[in-house]
2 protein chains.
Amino acid sequence: MELELSVDRSSPVPLYFQLSQQLEAAIEHGALTPGSLLGNEIELAARLGLSRPTVRQAIQSLVDKGLLVRRRGVGTQVVHSQVKRPLELSSLYDDLESAGQRPATKVIVNTVVPASAEVAAALGVAEDSDVHRIERLRLAHGEPMAYLCNFLPPALIDVDTAQLEATGLYRLMRAAGITLHSARQTIGARAATAAEAERLAEEEGAPLLTMQRVTFDDTGRAVEYGTHTYRPTRYSFEFQLLVRP
Amino acid sequence: MELELSVDRSSPVPLYFQLSQQLEAAIEHGALTPGSLLGNEIELAARLGLSRPTVRQAIQSLVDKGLLVRRRGVGTQVVHSQVKRPLELSSLYDDLESAGQRPATKVIVNTVVPASAEVAAALGVAEDSDVHRIERLRLAHGEPMAYLCNFLPPALIDVDTAQLEATGLYRLMRAAGITLHSARQTIGARAATAAEAERLAEEEGAPLLTMQRVTFDDTGRAVEYGTHTYRPTRYSFEFQLLVRP
DNA sequence: GTAGTTCGATTGTCCGGACATTTGCATTGA
DNA sequence: TCAATGCAAATGTCCGGACAATCGAACTAC
């Protein structure tokens, strides 16, 4: 096969990252076929003029992504399966947009309210302290798809209605310099109340998919609490899991 | 704080793993408080008689788990939040058991059938070729909780009804030498049919939580396809997500 | 022919060092 | 007082080497 790889030492991009990106592209592109061996690390390092630790670091990052599998005494193989991408902390807006669904958002509520006990507990703030409350209807192809209710701690970001309608909440937070770190999610189902059915153009009692999420930044601070309801005929959660070795 | 750490060089357990386990235990136990600095890597290495790469490998594994955060020029901090554990490729049986729910399984169907088009596509086998079909009712505290319908490729493992009732499917597969690698999951909701309602002691039309999953081993081979329905009043999916840096 | 053994190949672990980059703080200057 | 500069501290990247553990296949012995 003789895959052509090269690194640019004058680039500020780390060498291991350059290599891992080229390998990932080769896998995506099909130049590295599933099941094929990657060639041993020593030889690969010599060919590229890199040290073995650097090459290992590149390979390891792809193993973590689930694209490669290492076998001691055998070599490193490309995983062959319809593996796409592990679950990411993604926003519904981005998901829809990358799926070509042309999302639209209608902001229903954008105000400041005192925190209820539930919200206060989730965000780690005092009860009755001020929090932002945002309610949005998310549409795809003009059809209602989900009703999103979010709470944000005060003084975190400017929640501008126009911006909220043009993009997703996560993108706004990232743009405000917040580095998202982790989130705790709960996915369930229940029957729609009359009010919920009205908002989503469903019948009362129709099954709804629900998701609650608390998102934390890298200091451990809760930056968002959300309660979402989805129309199960229009939306489902789909993701990839990796086994921790 | 002066955390006491030590490694046993005569142990076959890798040094970096010994260290990461001790650090994780210290975090879990509270000896390392959230937000506290971990002390610089150089000094830590010197104190333990290890090299810096080894210490870094230990720390990195905890960063990957979401327990620590590194900041260049600052140090390594313990994440303070109710972070428990990222989503794992776990079995419902194990989940229930570790939650102290005393799971029980009733095998309804355990037979070999020709693969339908849907099953054949999911498992990557020829249509109408033989596959195992397993249907189980999963109970907790004597109450029905989920109805599990699984398909396995032929000649993969012995599917013994008695074993299926005593443990989970994943545990059986692991015991048969299969190394699980990844899975593709879809979670949705829909109204219960009359037959489904009967099996789960629900009303017809009641909302059900559904999950479909295809599991792959490390060679990329599909080893299981499952279609599960859960009672949303009894069960919901709860998990932790990490942002990929 | 079959089972057990040896051996080469490959990844896993670990070391010690070097320099670059980023951050936060103290110092300095206007 | 406030902003710019410089410095120390810490992690990020990279090197070259050494030995151990494991797998698969060829080989040998029965």
Side-chain angles (χ1 to χ4, degrees), chain A residues 5-23 35-64 67-79 177 179 181 218-219 244-245, chain B residues 5-23 35-64 67-79 177-179 181 217-219 244-245:
Chain A
L5 298 167
S6 62
V7 292
D8 175 12
R9 299 197 88 96
S10 67
S11 164
V13 177
L15 300 179
Y16 78 90
F17 192 74
Q18 291 183 37
L19 177 54
S20 73
Q21 278 202 321
Q22 287 181 43
L23 290 174
S36 64
L37 273 305
L38 198 58
N40 76 61
E41 299 168 350
I42 315 271
E43 193 271 340
L44 193 56
R47 207 169 85 200
L48 287 165
L50 298 173
S51 71
R52 190 173 159 223
T54 303
V55 172
R56 277 182 67 80
Q57 194 174 1
I59 292 176
Q60 187 59 46
S61 72
L62 297 182
V63 170
D64 291 339
L67 270 53
L68 298 177
V69 176
R70 314 179 94 139
R71 292 168 182 282
R72 199 181 223 166
V74 179
T76 305
Q77 287 180 308
V78 179
V79 163
T179 60
H181 177 260
D218 57 2
T219 69
R244 257 227 303 279
Chain B
L5 297 166
S6 62
V7 293
D8 175 12
R9 299 197 88 97
S10 66
S11 164
V13 177
L15 300 178
Y16 78 91
F17 192 74
Q18 292 183 36
L19 177 55
S20 72
Q21 279 201 320
Q22 287 181 43
L23 290 175
S36 65
L37 274 304
L38 196 58
N40 75 59
E41 300 168 349
I42 315 268
E43 194 271 341
L44 193 57
R47 207 169 84 199
L48 287 164
L50 297 172
S51 70
R52 181 153 89 113
T54 303
V55 172
R56 276 182 67 80
Q57 195 173 0
I59 292 176
Q60 188 58 46
S61 71
L62 297 181
V63 171
D64 290 339
L67 271 55
L68 298 177
V69 175
R70 315 179 94 137
R71 291 169 185 279
R72 200 183 210 149
V74 179
T76 304
Q77 285 180 311
V78 180
V79 163
I178 298 170
T179 61
H181 176 261
D217 72 358
D218 58 1
T219 69
R244 255 228 300 284

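Only a predicted model underlies this, so the values are computations on that prediction, with no experimental measurement involved. In what follows, chains are A, B, ... by sequence order, proteins preceding strands, each numbered from 1.
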Kindly give the heavy-atom pair with the smallest separation between [X] and [Y], and that separation in Å.
X	Y	result
A:Glu41	A:Val55	O-CG1, 4.3 Å
B:Leu15	B:Arg9	CD1-NH2, 3.5 Å
A:Val63	A:Arg70	CG2-CG, 3.7 Å
B:Val13	B:Ser11	N-OG, 2.9 Å
B:Asp218	A:Val79	O-CG2, 4.5 Å

Does [X] make a side-chain N or O approach to OP1 or OP2 of [N] shorter than 4.0 Å?
X	N	value
B:Ser51	C:dG17	no
A:Arg70	C:dG12	yes
B:Arg56	D:dG12	yes
A:Arg9	D:dC15	yes
B:Thr54	C:dT13	no
A:Tyr16	D:dC14	no

Between [options], which nucleotide gets closest to the side-chain atoms of [X]?
X	options	value
B:Glu41	C:dC15, D:dT11, C:dT10	D:dT11
B:Arg72	C:dC15, D:dC15, D:dG12	D:dG12
B:Thr76	C:dC15, D:dT11, C:dT11	D:dT11

Measure [atom1]/[X] against [atom2]/[N] and give the value in whole Å, please.
X	N	atom1	atom2	result
A:Leu50	D:dG17	CG	P	15 Å
A:Asp8	D:dT13	CG	P	17 Å
B:Gln57	C:dG12	CD	P	10 Å
A:Leu44	D:dG16	CG	P	15 Å
A:Gln60	C:dC14	CD	C1'	16 Å
A:Glu43	C:dG8	CD	P	20 Å
B:Leu38	D:dA9	CG	P	18 Å
B:Ile42	C:dC19	CD1	P	14 Å

Task: DNA chain D: 5'-proximal contact among A:Phe17 and A:Arg52 (nearest heavy atom) - done: A:Phe17

Open item on the list: Let me spell it out: for each of A:Val13 and A:Val74, pick the nucleotide of DNA chain D with the closest heavy atom. Which residue's pick is nearer the 5' end?
Closed with: A:Val13

Open item on the list: Considering every strand and a 4.0 Å limit on heavy-atom distances, what is the contact class for B:Pro14: base, sugar-phosphate, or nothing?
Closed with: sugar-phosphate

Open item on the list: Any base atoms under 4.0 Å from B:Arg71, or only sugar-phosphate, or nothing? Heavy atoms, all strands.
Closed with: sugar-phosphate

Open item on the list: For A:Gly75 and B:Gly49, find the nucleotide of DNA chain C closest to each by heavy atoms; which residue's nucleotide sits nearer the 5' end?
Closed with: A:Gly75

Open item on the list: When you compare the side chain of B:Ile59 with that of B:Leu38, does any pair of heavy atoms fall below 4.5 Å?
Closed with: yes

